[in-house]
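Residue numbers begin at 1 in each chain, while the letters A, B, ... track the order of the sequences. Owing to the predicted nature of the structure, the values given are computational and were not obtained by experimental measurement.
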There are 2 protein chains.
Amino acid sequence: MVAVMPKQPPRPDVTDGAVRTGPRGRPRSAEADCAILEATRAALVELGWSKLTMGDVATRAKVAKTTLYRRWAGKSELVVDAVAHLFDELELPDLGSLTADVECVVLRFAALLERPETRTALMAVVAEGTRDEALRGRIRSAIVDRQKGLVLQGRARAQARGELPYEDDPATAARNADLIFDVIAGAVVHRTLVSAEPVDAAWARRFTRLLLSGLASLRN
Amino acid sequence: MVAVMPKQPPRPDVTDGAVRTGPRGRPRSAEADCAILEATRAALVELGWSKLTMGDVATRAKVAKTTLYRRWAGKSELVVDAVAHLFDELELPDLGSLTADVECVVLRFAALLERPETRTALMAVVAEGTRDEALRGRIRSAIVDRQKGLVLQGRARAQARGELPYEDDPATAARNADLIFDVIAGAVVHRTLVSAEPVDAAWARRFTRLLLSGLASLRN
DNA sequence: GAGTTACGCTACGGGCCGTAGCGAAAGCCC
DNA sequence: GGGCTTTCGCTACGGCCCGTAGCGTAACTC
């Protein structure tokens, strides 16, 4: 788990080669960071993305509004960090077969998207990210890359078991991993948030079969 | 193409069985409707979702702000209708094979998502929809159902060609269509908006092969 | 203690929201 | 034409939220 860091305080340059001792002055309150992120998640559950305001979060966290703006540039950045922690619980258990692994991660990812915090926040920040390159990068490092790691891990296991062939070309391997990631994550997100229908065990099973064996396997 | 209708004006009940003649009073300006939707799309291109305001749209459309609120309840509903028209151009040409049909629709759908209007609007309204049942229904009828029709159409063609088996059970057929729809639409949306990487011909080809033949086909 | 930085608090200009109220305009039906 | 109905443009308004500035105080380092 990689901690997501809020906006860094302005520090003097270290480019002159002089050895700096640790940061001087009053340090930032770690409790405040935690309380703010917690308050943000609570506000997301109660109010949703559109009605969430910075002032409200500050009040919930028992913190001055100015303290929020000292650490996060705005609502989007704050919410990304607040939600990112929830994705840390995503893990890929080794169940012994590629089919079981895929089904399991699909269900876990869906369970994460069922939570009202992630439900209302994920699409909203992605929408904002379409117009903000920096925000896209933040989303990528805080959320997307963690998920993509699961794909790489699952493929390595399947290859070790002999369920998947080893790719000869590293570039091809990377492209395939990206493709599989978009297919799995995209299908689960689209099912839960756009089609607004539940991802249950039956759906996960049928999706996994489709992914592994293709369209022709969908007869029954 | 089904026209998306703005908020209906308050009419007296027709439940008493009496024959009503047409609506009385001054009719709504169809030109205003058109100008408003056009102005909304233009504003989406220039400003994006978050900075788009109702007042700005009204000014662009040369219409009073009150006129907007007489027809749409808010920003989300307005944007859904404004973007819905763009999805009408989605069609499924008969290219003679399932592979070609899928590749083509993937590329067309991706081209639609490349446009800044849809890019910034689609995820935003979906995010709002997670907290608004009525808005979800509006998105479904205005956008999602039209796309889903393409899946049904493509499957029927493939079955007629003998490329896909006919499902015995209608319920199974419906579930399969929903699954395929979420996989295709989800993958394209996730690739373009979350991973923020282009859907080009090569990606469409590899995705289609994966969809038709499953993971094992991804060696090269 | 001196220096530095974070904090809480208050106050503010500015923007946008969504609505009310008005007179005028544009259609129907007699 | 005269009435009736509904929409239109316009203005004005209270309210909420934004994001920042300014101040005095608290916490930590050297």
Side-chain angles (χ1 to χ4, degrees), chain A residues 5-14 18-36 39-40 43-44 46-79 124 128 132, chain B residues 5-14 18-36 39-40 43-44 46-79 124 128 132:
Chain A
M5 283 300 161
K7 191 196 293 182
Q8 291 301 323
R11 302 281 184 213
D13 295 347
V14 202
V19 175
R20 298 276 180 184
T21 58
R24 295 174 304 176
R26 176 177 175 173
R28 285 192 173 170
S29 165
E31 292 83 2
D33 273 340
C34 193
I36 290 170
T40 304
L44 278 174
E46 284 185 31
L47 307 173
W49 161 268
S50 56
K51 293 186 178 177
L52 180 145
T53 69
M54 298 290 273
D56 184 69
V57 170
T59 304
R60 288 170 189 260
K62 294 188 176 64
V63 153
K65 195 172 60 165
T66 46
T67 301
L68 258 87
Y69 282 102
R70 287 193 187 99
R71 308 184 186 202
W72 287 279
K75 186 167 148 177
S76 304
E77 289 79 1
L78 172 60
V79 168
E128 292 298 310
D132 185 338
Chain B
M5 283 299 160
K7 191 196 294 181
Q8 290 302 321
R11 299 281 184 217
D13 295 347
V14 201
V19 176
R20 298 276 179 185
T21 57
R24 295 175 302 177
R26 176 176 176 175
R28 285 192 172 169
S29 163
E31 291 81 4
D33 273 341
C34 193
I36 290 170
T40 303
L44 278 173
E46 283 185 31
L47 308 172
W49 161 267
S50 56
K51 292 186 178 178
L52 179 142
T53 69
M54 297 291 272
D56 184 68
V57 170
T59 305
R60 287 169 188 259
K62 295 188 176 65
V63 152
K65 194 173 59 165
T66 46
T67 300
L68 260 101
Y69 281 103
R70 287 192 189 99
R71 309 183 186 201
W72 288 278
K75 186 167 147 177
S76 304
E77 289 81 1
L78 172 60
V79 168
E128 293 298 310
D132 184 338

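A salt bridge is defined here as a Lys NZ or Arg NE, NH1 or NH2 lying under 4.0 Å from an Asp or Glu carboxylate O, and B:Glu46 with B:Arg60 meets this definition.
Across D:dG9, D:dA27, C:dC9, the shortest atom-to-atom separation from the side chain of B:Val63 is found for D:dG9. The side chain of B:Ala64 approaches D:dC10 more closely than any other nucleotide in the set D:dC10, D:dT7, C:dT4.
Protein atom CZ of A:Arg70 is 14 Å distant from nucleotide atom C1' of D:dA27, rounded to whole Å. Here the P atom of nucleotide C:dA6 and the CG atom of A:Asp33 are 12 Å apart, to the nearest Å. Spacing between atom CH2 of B:Trp72 and atom P of C:dG18 amounts to 15 Å, rounded to whole angstrom units. Rounded to an integer number of Å, the gap from CG of A:Leu68 to P of D:dT20 is 12 Å. Between B:Glu31 atom CD and D:dT7 atom P there is a gap of 16 Å when expressed in whole angstrom units. Whole-Å rounding puts the B:Leu78 CG to C:dG18 C1' distance at 15 Å.
Contact of the A:Asp132 side chain with the A:Glu77 side chain is registered, since non-hydrogen atoms from C-beta on lie closer than 4.5 Å. Contact check for A:Met54 versus A:Leu78: side-chain heavy atoms found under the 4.5 Å cut-off.
Looking only at distances, a side-chain donor or acceptor of A:Lys75 sits under 3.5 Å from a matching main-chain atom of A:Leu52. Within the 3.5 Å criterion, the main-chain N or O of B:Ile36 finds a donor-acceptor partner in the side chain of B:Thr40.
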- Note on the structure: The contact string for nucleotides 12-19 of chain D, one letter per nucleotide 5' to 3', using protein heavy atoms under 4.0 Å with B, S and - for base, sugar-phosphate only and none, comes out as -----SBB
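Considering only side-chain N and O atoms, B:Thr67 lies nowhere under 4.0 angstrom from the phosphate OP1 or OP2 of D:dT7.
Under 3.5 Å, the side chain of A:Arg26 and the base of C:dG3 form no donor-acceptor pair of N or O atoms.
A pairwise comparison of heavy atoms in A:Lys65 and A:Gly55 identifies CD-CA, 3.9 Å as the closest pair.
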